[in-house]
Colleague: 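Supplied in structure tokens, the structure appears directly below.
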2 protein chains.
Amino acid sequence: MKQVAALAGVGTKTVSRVVNDEPNVAPGTAQRVWDAVRALDYHVDLQAGSLRRTDGRTRTLGLLISSVDNPFAGAIHRAVEDAATERGVAVFASSLDDDADREERAVTAFLQRRVDGLILTTAGRRQNYVALLQDRGIPVVYVDREPADTEADSVTSDNRAAARAGTEWLISHGHRRIALLADRREIPTAAERERGFLDATRDAGIPSAQTPVVAGLRDAEAAHQALRALLESDQPPTAVLSAQNLITIGAIHALRDAALEHSVALVGFDDVPLADLLDPGITVIAQDPQEIGRIAVERIFDRLEGDASPPHHHIVPTSFIPRGSGEIPPPSRLPDTSNA
Amino acid sequence: MKQVAALAGVGTKTVSRVVNDEPNVAPGTAQRVWDAVRALDYHVDLQAGSLRRTDGRTRTLGLLISSVDNPFAGAIHRAVEDAATERGVAVFASSLDDDADREERAVTAFLQRRVDGLILTTAGRRQNYVALLQDRGIPVVYVDREPADTEADSVTSDNRAAARAGTEWLISHGHRRIALLADRREIPTAAERERGFLDATRDAGIPSAQTPVVAGLRDAEAAHQALRALLESDQPPTAVLSAQNLITIGAIHALRDAALEHSVALVGFDDVPLADLLDPGITVIAQDPQEIGRIAVERIFDRLEGDASPPHHHIVPTSFIPRGSGEIPPPSRLPDTSNA
DNA sequence: ATGAAAGCGCTAACAG
DNA sequence: CTGTTAGCGCTTTCAT
């Protein structure tokens with residue numbers, strides 16, 4: 001910057017004014033400065049600036065999502081990026097992998113880089129650092145998962161109601177023997193979805209012996225094995241609710257292996273790429289990750305602009321997309337003998 | 001940091017030494033400093049540090065990919081993140097959308113934040129800023145697309161050879177009427193893939209009238225429409241090579257609409273999620289995005305450590321995955337009458 | 001083994 | 001409209 005000032009024949013403060021679009025610079029002077037900027041290919045150092053700036057902002061956001069490689073998380077990331085870029089803010093993204101250690105390391109990394117705000121998916125435990133962050137004026141918004149007991153904003157789907165509706169859909173198609181394939185219960189989202197499933201089966205008066213719940217599934221392969229075991233059991237389910245996109249994929253594999261994809265109904269939580277092109281098409285409860293990301297960024301910026309209202313827990317509607325797999329009726333014979 | 005020093009009863013330099021794991025601190029002193037750090041929940045300001053540090057490093061990387069929402073790019077991103085995090089480096093990711101303006105804005109944003117290195121996918125034009133970056137000691141590695149004329153490292157697939165092999169696969173299954181659905185030609189990768197396609201058809205002595213090339217397809221919908229038109233023409237192709245993942249998805253839609261998915265062969269460039277679960281399974285030329293990302297980061301760090309060897313253009317092998325769609329033979333009747 | 005002083009690139013506050 | 005001075009939080013250098 002000193003070099004630019006020297007070349008343009010002005011003081012550094014004038015250069016600062018010009019590159020930051022501050023008022024009170026004569027057009028001719030500004031022109032000379034811009035010429036010098038271009039001649040030297042100068043770019044302001046935002047970090048040095050933030051050191052001195054009154055608000056201390058780094059124009060940087062931290063985003064912690066399940067994995068930058070996961071389609072659901074990628075959609076959130078994209079929405080966050082778009083809304084942030086629009087305001088001249090850059091985004092650090094980190095993958096969580098449902099690992100509390102990773103979460104802590106990621107938050108530390110964000111803090112050391114003085115991000116202005118944090119959009120987080122948590123590994124599920126109580127987040128004791130959140131209050132500290134907020135004391136320092138760093139707003140935090142939870143996405144996808146709403147932790148039990150924090151004072152932070154959150155943007156989530158209504159997991160319980162949506163899981164309940166998906167289960168009721170299966171029940172209304174005549175199923176009484178429905179399995180739930182779910183993620184680890186420590187993940188609040190997973191727990192909510194299980195509650196929704198249980199709400200529906202209980203209200204329909206279906207004995208829990210007929211509604212096996214397999215939780216703790218961490219990936220597609222685990223879901224694959226779990227459903228295979230269920231299908232080979234004495235009392236195989238006639239319908240399946242899979243509680244998450246990777247689990248849905250595993251479930252599809254299991255049904256295919258057993259050639260049951262047209263016989264056993266499947267409703268999946270989360271939309272899956274190409275779900276409409278499969279045979280049968282996969283009926284899903286689709287979340288709206290774009291909207292989740294968009295709203296999350298908006299909350300961050302509202303907070304940064306001084307909004308001090310109580311934490312807001314935003315619920316983004318889900319949509320139910322019937323595509324075939326969820327509309328398969330149970331076998332007409334007695335359920336007990338349905339082995340193929 | 002001053003507060004920590006005060007609380008621990010030491011000078012700021014000692015705190016600096018402790019938090020940076022520098023030698024020459026008495027164990028007892030270090031302990032007192034750590035206690036103070038914890039009591040105050042202190043986190044170093046990496047940015048302020050980089051301002052004064054001799055090497056000027058910010059421990060930050062810029063990554064520009066097609067979109068953080070694209071599965072291929074997401075896989076690269078994940079590999080980059082993992083390798084960077086391991087070294088205490090954080091990653092800024094931006095989506096390109098094949099837009100030269102976005103590219104420029106993203107690079108500017110990276111520069112203003114003083115990233116240590118850049119991993120870039122380009123929108124295709126000559127990148128005149130690369131030399132400047134390198135002069136400033138900021139290494140640049142291109143991924144996915146190798147620009148025609150730069151002095152930077154690159155990590156790509158052998159697009160031409162892989163497209164050629166995919167085309168030859170179709171030819172060896174008896175096809176003589178093969179369409180190429182491709183992205184915009186300004187994208188070097190797309191141009192390379194087209195060359196590979198033409199290599200194969202030319203060497204097989206197939207007249208170009210029988211190998212229509214539709215380029216300029218920007219998304220799945222455009223590919224869908226393009227293939228629909230081809231299938232409705234007088235001389236529909238008996239096989240299709242789709243040059244990119246979104247185009248493959250559009251092509252599958254078009255084949256489904258026309259109920260031709262079991263009649264017209266399809267080989268896709270890039271693997272597609274669930275490709276193995278479709279009917280028929282989609283035969284693809286799969287790139288290795290994890291490996292591309294991993295190698296790219298490695299090049300960046302090698303350069304940062306002083307490696308000044310000539311630019312290296314790394315080629316990552318592709319793999320060919322036959323799943324059914326690429327093994328469909330042409331209709332046995334005369335090609336001219338094959339309308340269904 | 002420790003600390004004091006200087007200065008990284010920038011912007012705030014004020015003076016002209 | 002423009003420039004000067006000070007200082008953000010840290011690391012360097014050099015002294016102790």
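Naming convention: chains lettered A, B, ... in sequence-line order (proteins, then strands); numbering from 1 in each chain. Note that the coordinates shown come from a computational prediction; the quantities given were computed from them, not determined experimentally. As a basis for the values below, the full set of heavy atoms in this structure was taken, side chains included, without hydrogen atoms, waters or symmetry mates.
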Colleague: Using a cut-off of strictly less than 4.0 Å, decide whether B:Thr14 has a side-chain nitrogen or oxygen near OP1 or OP2 of C:dG3.
Modeller: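 Checking B:Thr14 against C:dG3: at least one side-chain N or O falls below 4.0 Å of OP1 or OP2.
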
Colleague: Determine yes or no for a side-chain-to-main-chain donor-acceptor pair under 3.5 angstrom, with B:Asp97 supplying the side chain and B:Asp99 the backbone.
Modeller: no

Colleague: Determine to 10° how strongly the helix from C:dA1-D:dT16 to C:dG16-D:dC1 is bent, judged from the axes of its five-pair ends.
Modeller: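 Here the helix ends are tilted 30° relative to one another.
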
Colleague: Over how many whole Å does the gap from A:Tyr42 atom OH to C:dG9 atom P extend?
Modeller: 10 Å

Colleague: Provide the full list of ring pair (Phe, Tyr, Trp, His ring centres under 6.0 Å) pairs with a residue in residues 97-123 of chain B, sequence neighbours left out, each pair given once.
Modeller: none

Colleague: According to the ring pair (Phe, Tyr, Trp, His ring centres under 6.0 Å) rule, which pairs have a member within residues 291-316 of chain A, sequence neighbours left out?
Modeller: A:His312-A:His314

Colleague: For the pair made of CD in B:Gln31 and P in C:dA1, what is the distance, rounded to whole Å?
Modeller: 17 Å

Colleague: Under 3.5 Å, is there an N or O donor on one side and an acceptor on the other linking the side chain of B:Arg17 and the base of C:dG3?
Modeller: yes

Colleague: Applying salt bridge (charged side-chain N to carboxylate O under 4.0 Å, His left out), can you list everything that pairs with B:Arg218, at least two apart in sequence or on another chain?
Modeller: none

Colleague: In chain order, what residues pass the side-chain contact (heavy atoms from CB on, under 4.5 Å) check against A:Ala84, with sequence neighbours excluded?
Modeller: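 For A:Ala84 the side-chain contact (heavy atoms from CB on, under 4.5 Å) partners, ignoring immediate neighbours, are A:Leu61, A:Val89, A:Val91.
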
Colleague: For the pair A:Ser16 (side chain) and A:Thr12 (backbone), establish whether a donor and an acceptor sit closer than 3.5 Å, ignoring hydrogens and angles.
Modeller: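 Looks like no, no N/O pair under 3.5 Å.
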
Colleague: Can you list, by residue number, the residues of residues 22-29 of chain B that have a non-hydrogen atom closer than 4.0 angstrom to DNA chain C?
Modeller: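 Going residue by residue through residues 22-29 of chain B, the ones with a heavy atom under 4.0 Å of DNA chain C turn out to be B:Asn24, B:Val25, B:Ala26, B:Thr29.
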
Colleague: Would you list the pairs meeting ring pair (Phe, Tyr, Trp, His ring centres under 6.0 Å) in which at least one residue belongs to residues 29-57 of chain B, sequence neighbours left out?
Modeller: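 Found none.
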
Colleague: Quick check on contacts: within residues 51-60 of chain B, what sits under 4.0 Å from DNA chain D by heavy-atom distance?
Modeller: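 B:Leu51, B:Arg52, B:Arg53, B:Thr54 - these, ordered by number, are the residues of the stretch whose heavy atoms sit under 4.0 Å from the strand.
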
Colleague: Which nucleotide span of DNA chain D, 5' end to 3' end, has atoms closer than 4.0 Å to non-hydrogen atoms of chain B?
Modeller: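 For DNA chain D, the relevant span reads D:dG9 to D:dT12.
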
Colleague: Between atom NZ in A:Lys13 and atom P in C:dC10, what is the gap in whole Å?
Modeller: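 Rounding to the nearest Å, NZ of A:Lys13 and P of C:dC10 are 12 Å apart.
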
Colleague: Name all pairs fulfilling the ring pair (Phe, Tyr, Trp, His ring centres under 6.0 Å) condition that reach into residues 45-96 of chain A, sequence neighbours left out, sorted by first residue then second.
Modeller: A:His77-B:His77, A:Phe92-B:Phe92

Colleague: To the nearest Å, give me how far apart CE (B:Met1) and P (C:dT2) are.
Modeller: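 Whole-Å distance recorded here is 14 Å.
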
Colleague: Looking at B:Arg32 and B:Asp35, does any basic side-chain N land under 4.0 Å from a carboxylate oxygen?
Modeller: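 Result for this pair is no, no salt bridge flagged.
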
Colleague: When you measure from the side chain of B:Ser95 to the backbone of B:Val68, do you find a donor-acceptor pair of N or O atoms at a distance under 3.5 Å?
Modeller: yes

Colleague: Taking salt bridge (charged side-chain N to carboxylate O under 4.0 Å, His left out) as the definition, give me every residue that meets it alongside A:Asp98, ordered by chain and number, with sequence neighbours left out.
Modeller: A:Arg145

Colleague: Taking the side chain from B:Arg294 and the backbone from B:Gln290, do they hold a donor-acceptor pair closer than 3.5 Å?
Modeller: no

Colleague: My understanding is that only residues two or more places apart in sequence, or in another chain, count here; which of them pass salt bridge (charged side-chain N to carboxylate O under 4.0 Å, His left out) with B:Asp45?
Modeller: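 Scan of B:Asp45 (salt bridge (charged side-chain N to carboxylate O under 4.0 Å, His left out), adjacent residues dropped) gives A:Arg114.
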
